[in-house]
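All values reported here derive from a predicted model rather than from experimental measurement. First the proteins, then the strands, lettered A, B, ... as listed; each starts at 1. Note that these values count all heavy atoms, side chains included, but never hydrogens, waters or copies made by symmetry.
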Amino acid sequence: MVNEQVDEPATAPTVPGADTEDGIPLHRYTAALANEIELRWQDHWDAERTFWSPNPTGPLSEPNAERAALAKLYVLDMFPYPSGIGLHVGHPLGYIATDIWSRFKRMRGFNVLHAMGYDAFGLPAEQFAVQTGTHPRITTESNIASMKAQLRRLGLGHDPRRGISTTDVGYYRWTQWIFVQIFNSWCDPASGRARPIAELEAQLADGSRPTRSGRAWSDLSPLERRIEIDARRMVYRSEMPVNWCPGLGTVLANEEVTAEGRSDRGNFPVYQRPLKQWVMRITSFADRLLGDLDALDWPEPIKLMQRNWIGRSEGAEIAFPVVADDAVADGGTGSDIAISVFTTRPDTVFGATYMVLAPEHPLVDEITASAWPPGTPSIQRGGGFAGSPADGHRTPREAVAAYRDYTNARSEIDRQAESKLKTGVFVGAFATNPATGGPVPVFIADYVLMGYGTGAIMAVPGQDERDWEFAEDFGLPIVRTVEPFAGWEGGAFTGDGPAINSGFLDGLRVDAAKARIIDWLEAEGHGRRRVTYKLRDWLFSRQRYWGEPFPIVYDETGQPIAVPASMLPVELPDIDDFMPKTSDDPDALPEPPLARATEWTTAELDLGEGAGLRTYRRELNTMPQWAGSCWYYLRYLDPDNADALVDPANEAYWMVGATGSKSAGSANVGGVDLYVGGVEHAVLHLLYARFWHKILFDLGHVSTPEPFQRLFNQGYIQAAAFTDERGSYVEAEKVVEQQGQFLYDGEPVNREFGKMGKSLKNAVAPDEICRDYGADTLRLYEMYMGRLEQSKPWNTRDIVGVHRFLQRVWRLFVNEQTGALNMGASGDGAGSAAASAVGAAGLDGGTMRLLHKTIAAVTDDLEDLRFNTAIAKLIELTNHLTPIVSVTGQLPVEVAEPLVLMLAPMAPHFCEELWSRLGHAEPLAFKAFPVADPALIVEDLVEMPVQINGKVRGQITVASSQAGDEATLLAAARANDRVAGHLDGVLVRKVIVVPGRLLNIVVG
RNA sequence: GCCCGAGUGGUGGAAUGGCAGACACGGCGGACUCAAAAUCCGCUGCCGCAAGGUGUGUGGGUUCGAAUCCCACCUCGGGCACCA
């Protein structure tokens, strides 16, 4: 996908591409000229190393070392996956925005770091390899090369030395190194921080921290000690339920599983299987990840999404003892068993009329009775769910088994989707409500999830909508414990109100009742205060080939050992067959592709335990794609460092003291000054990266507690997509509009809108737009379409508007017939002075005022990434100048140079060309951005609308100095015929003056 | 079902409590031209000849004044892990 323009021979700088067809003037700004200018300046920037940003120290401190003394600014894009389809015009939206902001900030005196890397591990390259046998590394490298060429064509001012790929061995070596740091740490509950695991070992050894089993450290065998420690590491192994699909040989995400419990691809059966996996203890940082959001300059909706995802809730854990009942006697059932529940509403415990356990809850087998209590209705015996006998099962055990089969066949997504339909079965046992002392029946139902809280709830139908629905369906009693407000006709009441039917809580509002009941539960030994989180630990292993190998080996005990940092990287071995091992056998277990690399699966290592070379078994899973994207912004700072993740001096220079933030309220914790990317990463990527960064911070490897000070989410570019009568998408490019109808191949098609991409067949490649208009026009158009943060439709027809704008600016400077400057001959090195002489006519007052207003407005707009309105203001200034220049043939230099400088961040090639034609030998990339003079903006006279009762009835013109004076304004208003007519014979009740803006006269 | 976001001319959008529709596309008219294109100038929310009226998804509310703030609803887009 390399643009064919690249191969065109470059013409001499002052001889633009000639186009004599159709009588187009020789020196007009055409696509051909734009392309010539752009390729020449791109080569120039490369050759001059214009955008190589110096580090304060190390190999990247040259060239441009003098800039390292400036204030730093770190601008970052969410880096792309190098897809084989190439770029469409939706991709560069954010990249153009960050490039404009970076160029603007360079002109404002900052040393700006801006680079682009590639998030190149991932499934598409692996799936392509499965289909074709082509090694993922070959596909990936070729895709990266094409994408780099496409991005270069857009004129993005990146430092090319820093653009790492996560698949580089020199990069993932450090991804593995970070994993080892995480493996060798634990979260000290006293400080909530990651600490070296050696500190834990010391505490266990000296007895200041008890072991889990309560046994003395000295009594433990070496293996028992390792198990004790491994269980507390920041990353640990655990059995986690996964969607295992033997037919595909892979584990599937929830959205890849259909409602029928089969694979989306291939329609193979999918089974929920526990699988031993690596898990990161992100929950131990939940409070910090939540609390530190406050200091970040991020969009509020994104912060809210992270807060909701972490989902801190305060409540209580309450024990409900299981009743030993002779009537349903079952050998093992005894009163020593208690079901522990978590609730955020302990105040409603008096209304808990039944309990529900998750079907997979470990106590279910123990408490399930052997016979139904007399009078159990059929619905409670399992008569309510698909595939179950209408009158229920004969025993609780049968019902439980059947219900588990039913829920195992449903995915987690599915269990949530059918929220209206409540299913479940009674296990035949009762527990005691500790508040009322009464018995409550125990159910299992899949609306309770094992992964949240304790996997069991006390059901309070009076105050919980799901419990209400379940109680109604299953004929269970409902007791209200909060009095609804007058007129309440609904079911469960979840609002605030006085407690009722709650003994000593009666009359208390919810908050007071909660505090009181928790005190009572703790005093009586029935429960305790507890905080829970919705956030779960992070599943970190994948059964794939194209990812980072874990730096982990196992010895004969089966316990993991981290490969020492000195032995990294653990390189990904080459294999020939990337196909996962598939099977028809539902009991087959996942086998990662790395098992195929038979030589590699074991290693002879001397891990320094004094035993010399020993044979170890390697970890065969690989890391998820998130791993590489969790820390790439740190490697940009020092991409070639072989001795450290990043040199501390370079890290401190770029990360400490974020200066890009404009918000006065934020605490400025430091980090990347501006991070731009799509909202789809609001939770996962941004949370994982923050988590890793905090670990590195705790362990002393980075200087700031947060990675990204300011975040900005750009919108999607959407495009019309067309479907034929079968509902299939057709090539949008080939659809024509005739008399309000859309036709494809002569057949009518339906129009809809969607995110631009291959799947909707509505992608527009940037290469074509560059060819037809030039990259500067594309850049301007993408920024002019609307607000950066909003999604908006692409419309190729509208591009001509900004292209004409550039042509008009060009025409202000360059005579289209002769190519001569409208300021006379272009000078030599001292061009500015020469140009000033020819522009000696100077500026009229109106132009001067408009220029300075424009400078002020454009500066504000660029600062806040409001590029659409910045461009609109530059168009206004240009439209003001056009008739002046067409009459005089002279563009005063006092306006010409500021105009070029202001436009330069948006249209850099175009402006560098004009700047050099104005006689400047030095490029404008580091020239100072124009500064507005407030004194020149002030108007002598101001026109103000006059309203009568809020309706505009006339305009008055007054001196600016009088624009806030009520008497002057009223006099002017009465002198206005139209206004005076409305004031005749009515009483003025009130006058509202907004100085300089408006006069409103209230009459009655 | 829940959460978040968005609804403004023929179209993309501007205006965050103070003249709704900046700027651009499209459309209409004029100048230039033998003609066309390009360019330049002007007009362009809707109803109305006009005076004037009306108008920011719908219905209420707050305010001297609402696209903007509040309540309810409708539509579209995005997200979702039954938040116990």
Side-chain angles (χ1 to χ4, degrees), chain A residues 22-25 28 254-255 299-302 304-305 308-313 315 341-345 348 356 412-413 415-420 422 445-449 451-460 463-467 469-470 532-536 679-680 682-683 713 715-716 718 753-755 781 784-787 789-795 797-802 804-805 807-808 811 816 866 868-869 871-876 879 882-883 886-887 943-955 989-994 996-1004:
Chain A
D22 305 324
I24 293 174
R28 174 161 296 177
N254 281 338
E255 72 260 18
E300 274 310 316
I302 302 295
L304 189 63
M305 277 191 235
N308 290 343
W309 191 267
I310 294 166
R312 183 181 206 274
S313 55
V341 303
F342 172 76
T343 174
T344 56
R345 292 293 305 276
T348 65
V356 185
E412 204 166 306
I413 288 253
R415 280 165 69 167
Q416 296 145 24
E418 293 175 41
S419 57
K420 278 290 167 197
K422 295 278 178 282
D446 65 3
Y447 79 94
V448 172
L449 302 179
Y452 187 79
T454 63
I457 63 161
M458 63 176 204
V460 188
Q463 270 70 233
D464 185 286
E465 283 166 19
R466 287 158 305 154
D467 296 347
E469 286 168 21
F470 191 89
T532 57
Y533 301 91
K534 201 171 61 172
L535 183 70
R536 297 174 200 164
V679 70
E680 67 269 23
V683 176
N713 294 115
Y716 299 118
Q718 300 167 320
F753 271 89
K755 189 179 165 188
Y781 175 62
Y784 188 60
M785 289 170 72
R787 289 189 200 187
E789 64 268 39
Q790 280 177 1
S791 291
K792 53 239 157 185
W794 178 268
N795 194 346
R797 189 184 70 178
D798 290 343
I799 296 175
V800 70
V802 285
R804 282 183 201 149
F805 162 59
Q807 290 184 321
R808 273 201 307 282
R811 206 173 290 126
E816 288 193 328
R866 292 190 304 260
N868 53 333
T869 50
I871 294 166
K873 279 153 196 159
L874 291 171
I875 292 175
E876 283 184 74
N879 291 348
T882 295
S886 74
V887 169
E943 191 175 66
M944 286 169 60
V946 180
Q947 294 183 342
I948 307 294
N949 287 349
K951 290 197 179 234
V952 177
R953 297 300 183 183
Q955 299 283 334
R989 296 191 178 276
K990 193 171 177 183
V991 176
I992 289 142
V993 175
V994 184
R997 299 297 298 269
L998 161 133
L999 174 68
N1000 186 12
I1001 303 169
V1002 184
V1003 299

**Message:** Checking S791(A) now: which residues fulfil side chain to side chain donor-acceptor pair (under 3.5 Å) with it, not counting sequence neighbours?
**Reply:** none
**Message:** Can you list everything that forms a ring pair (Phe, Tyr, Trp, His ring centres under 6.0 Å) with F805(A)? Sequence neighbours excluded, please.
**Reply:** none
Could you list all N or O pairs between the protein and nucleotides 51-56 of chain B that sit under 3.5 Å apart?
residue: U54(B); atom: OP2; partner: K951(A); partner atom: NZ; Å: 3.2

**Prompt:** With Watson-Crick and G-U wobble geometry limited to distances under 3.5 Å, how should the secondary structure of RNA chain B be encoded in dot-bracket form, using | for bases paired to another strand and [ ] for crossing pairs?
**Reply:** (((((((..(((.....[....)))((((((.......))))))(((....)))..(((((..]....))))))))))))....
**Request:** Tell me, please, which residues at least two apart from N795(A) pass side chain to side chain donor-acceptor pair (under 3.5 Å).
**Result:** none
Atom pairs under 3.5 Å: protein N/O with N/O of nucleotides 26-32 of chain B:
residue: G26(B); atom: OP2; partner: R804(A); partner atom: NH1; Å: 3.4

**Message:** List the residues meeting ring pair (Phe, Tyr, Trp, His ring centres under 6.0 Å) with Y716(A), not counting sequence neighbours, and say none if there are none.
**Reply:** none
**Request:** Just jot down the side chain to side chain contact (heavy atoms under 4.5 Å, CB included) partners of K792(A), sequence neighbours excluded, or say none.
**Result:** L93(A), M785(A)
**Message:** Tell me every residue that passes side chain to side chain donor-acceptor pair (under 3.5 Å) with R989(A), counting only those two or more places apart in sequence or in another chain.
**Reply:** none
**Asked** E943(A): what forms a side chain to side chain donor-acceptor pair (under 3.5 Å) with it, not counting sequence neighbours?
**Response** none
Listed pairs, N/O of protein and of nucleotides 60-64 of chain B, under 3.5 Å:
residue: C64(B); atom: O2; partner: N1000(A); partner atom: ND2; Å: 2.5

**Request:** Would you please name every residue forming a side chain to side chain contact (heavy atoms under 4.5 Å, CB included) with Q790(A), sequence neighbours left out?
**Result:** R787(A)
